[in-house]
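Reviewing the structure listed below.
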Amino acid sequence: MNKTNCLPYWPSWTLNEIGFGNAENIIFQATNNPSYLFIGSEVYMSGIGTLVSVIKENNINNVKIFSDDIRLLLDQSPKKIFDSVIIIC
């Protein structure tokens, strides 16, 4: 994943939140850390829909969504792509 292909800026920190559920944490973190890039991975459409809605309503531009099993992304990457990973249970 080349960060420069999908963003108008270079993030100071890249964080992956696995299983963001109703998106409360990722929204809070993204709003309070605008220089960070948040990659939220979730497989359930209800959570993805909630996040997309809040992103659009609040013009949040530092969140990207990976809507599949995060292992697919991690297995394809030859190098470290996240500075931090949060797993929400």
Separation between [atom1] of [X] and [atom2] of [Y], rounded to the nearest 0.5 Å:
X	Y	atom1	atom2	result
Y36	D83	OH	CG	9.0 Å
D68	L73	CG	CG	9.5 Å
S53	N58	OG	CG	8.5 Å
N16	I70	CG	CD1	4.0 Å
D75	R71	CG	CZ	8.0 Å
I27	N22	CD1	CG	7.5 Å

Closest approach of [X] to [Y] (non-hydrogen atoms, all atoms of both residues):
X	Y	result
T31	P34	O-CD, 4.0 Å
L15	F82	C-CD2, 4.2 Å
I48	V43	CD1-C, 4.5 Å
I39	F66	CG2-CB, 4.3 Å
N62	A30	ND2-O, 3.1 Å

- Single-linkage hydrophobic cluster, 4.5 Å side-chain cutoff, I65 and Y44 together: no
- Message: Are V63 and F28 linked, directly or through intermediate hydrophobic residues, by side-chain heavy-atom contacts shorter than 4.5 Å (ILVMFWY only)?
- Response: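 The answer is no; the residues belong to distinct hydrophobic clusters.
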- pair I81-T14: side-chain heavy atoms closer than 4.5 Å: no
- Item | Test item: T50 and F20 side chains (from C-beta on) under 4.5 Å apart, heavy atoms |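 Of all side-chain heavy-atom pairs linking F20 with T50, none is under 4.5 Å.
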- Query: Is the CD1 atom of I87 crowded by more than 12 outside heavy atoms at less than 6.0 Å?
  - Reply: no
- Mark yes or no for whether E17, through its side chain, and G40, through its backbone, hold a donor-acceptor pair below 3.5 Å. no
